2 protein chains.
Amino acid sequence: MQLKTTQQTSIFRVLDTLNRPVTPQELLGAASIESPGLGLATVYRVLKKLVEADRVQKIELAGVPPHYEVQSDKHHHFFVCEDCQRILEITGCPGGFKKFLPEGFTMTSHEVILYGICRDCSPLTGKEN
Amino acid sequence: MQLKTTQQTSIFRVLDTLNRPVTPQELLGAASIESPGLGLATVYRVLKKLVEADRVQKIELAGVPPHYEVQSDKHHHFFVCEDCQRILEITGCPGGFKKFLPEGFTMTSHEVILYGICRDCSPLTGKEN
DNA sequence: CGATAATTGAGAATTGATTCTCAATTTTTT
DNA sequence: AAAAAATTGAGAATCAATTCTCAATTATCG
């Protein structure tokens, strides 16, 4: 997929710059600065094509609405802040999950999600304190 | 929460008997055998109360609709069959996730989801073969 | 340049999960 | 058993995420 219009370019660039999973709404807000008047429908349209082209990944985790982020090539997992609801990519993985599979089962992939409080929301280090 | 009516009893008993995460629709189908005419609204009503009473857990995993299962006291994770979409509880956990947390972050819980093909859907051992 | 095709924004429509409404039925209380 | 309270089923309503519709705008081609 080639990015032709101003809107498409803005959406992808902003997503790439943010460099973390964001909701379509968040993306609309951020990309609207570059592309005033941008509509949510366009954000969804472009995201859909980018996902199909495998340039963007849709991330669905329990407890938070779907997020999108630029496709990353390296194996990673996620951290969800229970306070601000932000998602952060985590690098690193303990691995060795296959041994937990029941007999006869095959594993093609796995996901690890850590829940907790991020630095910004922590009472000791947070921006609010 | 005490189970008073036939419907409530059936819903909980069937859920307990199935002993795996199921969708409200699946539960409706199974419990309808014991309680003919059972309605989906009642299934949701009872599930909601059971969840509030901590006797049932709502399980939300990416790619599949919400499932419900009787509360289990032991730490566990899930396996999602990419073919039949069934969810299976997995016991065991590698642990040691905290070391992947960025500085200043706190972890309160974690989730591990294994995706793959279950035994029944496997071409070698599946029931269809 | 002028026609045709593609894209966009706004809001309506859709989708899937869940909740609400309300009359009918069942249960509980007295 | 009569009255009051709770529960139920069916379908309407809601809710959040996403898609569709359509007229207006923009881009592309000959």
Side-chain angles (χ1 to χ4, degrees), chain A residues 1-15 21-69 78 80 84-87, chain B residues 1-15 21-69 78 80 84-87:
Chain A
M1 180 213 187
Q2 41 188 330
L3 304 172
K4 298 173 184 175
T5 68
T6 322
Q7 291 89 331
Q8 294 174 1
T9 309
S10 299
I11 290 170
F12 185 76
R13 185 182 21 244
V14 168
L15 194 56
V22 294
T23 61
Q25 282 289 356
E26 263 185 287
L27 187 50
L28 172 65
S32 289
I33 298 170
E34 291 189 18
S35 290
L38 181 66
L40 185 57
T42 301
V43 173
Y44 272 108
R45 272 190 287 247
V46 176
L47 281 177
K48 190 178 184 183
K49 288 190 177 177
L50 287 167
V51 168
E52 283 166 1
D54 224 26
R55 295 181 59 179
V56 164
Q57 187 189 353
K58 179 178 183 179
I59 297 159
E60 300 178 84
L61 306 178
V64 288
H67 285 60
Y68 296 79
E69 80 168 336
F78 302 102
V80 180
C84 69
Q85 309 261 295
R86 280 206 193 188
I87 299 178
Chain B
M1 180 213 189
Q2 41 189 331
L3 303 171
K4 298 174 185 176
T5 67
T6 322
Q7 291 88 333
Q8 294 175 358
T9 309
S10 299
I11 290 171
F12 185 77
R13 183 179 28 242
V14 168
L15 194 56
V22 295
T23 62
Q25 283 288 355
E26 263 186 287
L27 187 51
L28 172 66
S32 290
I33 298 170
E34 291 190 17
S35 291
L38 181 65
L40 185 57
T42 300
V43 172
Y44 273 106
R45 272 190 286 247
V46 176
L47 281 176
K48 190 178 184 183
K49 287 190 178 179
L50 286 167
V51 168
E52 284 167 0
D54 224 27
R55 294 181 59 180
V56 164
Q57 188 189 352
K58 179 177 185 179
I59 297 157
E60 300 179 84
L61 305 178
V64 288
H67 285 60
Y68 297 80
E69 81 168 335
F78 302 101
V80 180
C84 68
Q85 308 261 295
R86 279 205 195 188
I87 298 178

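Atoms considered below: every heavy atom in the structure, side chains included; atoms not considered: hydrogens, waters and symmetry mates. Being a predicted model, the structure only gives us computed values, none of them experimental. Throughout, a chain's letter reflects where its sequence line sits, starting with A, and its residues are numbered from 1.
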Using a heavy-atom cut-off of 4.0 Å to chain A, what are the terminal contacting nucleotides of DNA chain C, in 5' to 3' order? dT7(C) to dG11(C)
Apply side chain to side chain contact (heavy atoms under 4.5 Å, CB included) to K48(B) and list each qualifying residue two or more places apart in sequence or on a separate chain. E52(B)
Side chains of I11(A) and T42(A): closer than 4.5 Å at any heavy-atom pair? yes
Do L3(A) and L50(A) have side chains that get closer than 4.5 Å, going by heavy atoms? yes
Within residues 50-67 of chain A, find the residues that approach DNA chain C with a heavy atom at under 4.0 Å, and present them sorted by residue number. none
I'd like to check the ring pair (Phe, Tyr, Trp, His ring centres under 6.0 Å) partners of F78(A); sequence neighbours left out, ordered by chain and number. H76(A)
Comparing K4(B) and Q25(B) on DNA chain C - which has the more 5′ nearest nucleotide: Q25(B)
Sequence neighbours excluded, which residues qualify as side chain to side chain contact (heavy atoms under 4.5 Å, CB included) partners of S32(B)? L28(B), L38(B)
Suppose the criterion is salt bridge (charged side-chain N to carboxylate O under 4.0 Å, His left out): which pairs have a residue in residues 29-38 of chain B, not counting sequence neighbours? R13(B)-E34(B)
Expressed in angstrom and rounded to an integer, what is the separation of L27(A) atom CG from dT18(D) atom P? 12 Å
Look up atom CG in L47(B) and atom CD in Q8(B), then write down how far apart they are to the nearest 0.5 Å. 11.0 Å
Derivation of the side chain to side chain contact (heavy atoms under 4.5 Å, CB included) call for V46(A) and F12(A): CA-CA 8 Å; V46(A) 176; F12(A) 185 76; 5.9 Å; no
Of Q7(A) and K48(B), the one whose closest nucleotide on DNA chain C sits nearer the 5' end is Q7(A)
Send over the distance from L40(A) CG to dT18(D) P, rounded to a whole Å. 9 Å
Could you give the NZ-to-C1' distance, from K49(A) to dT18(D), as a whole number of Å? 16 Å
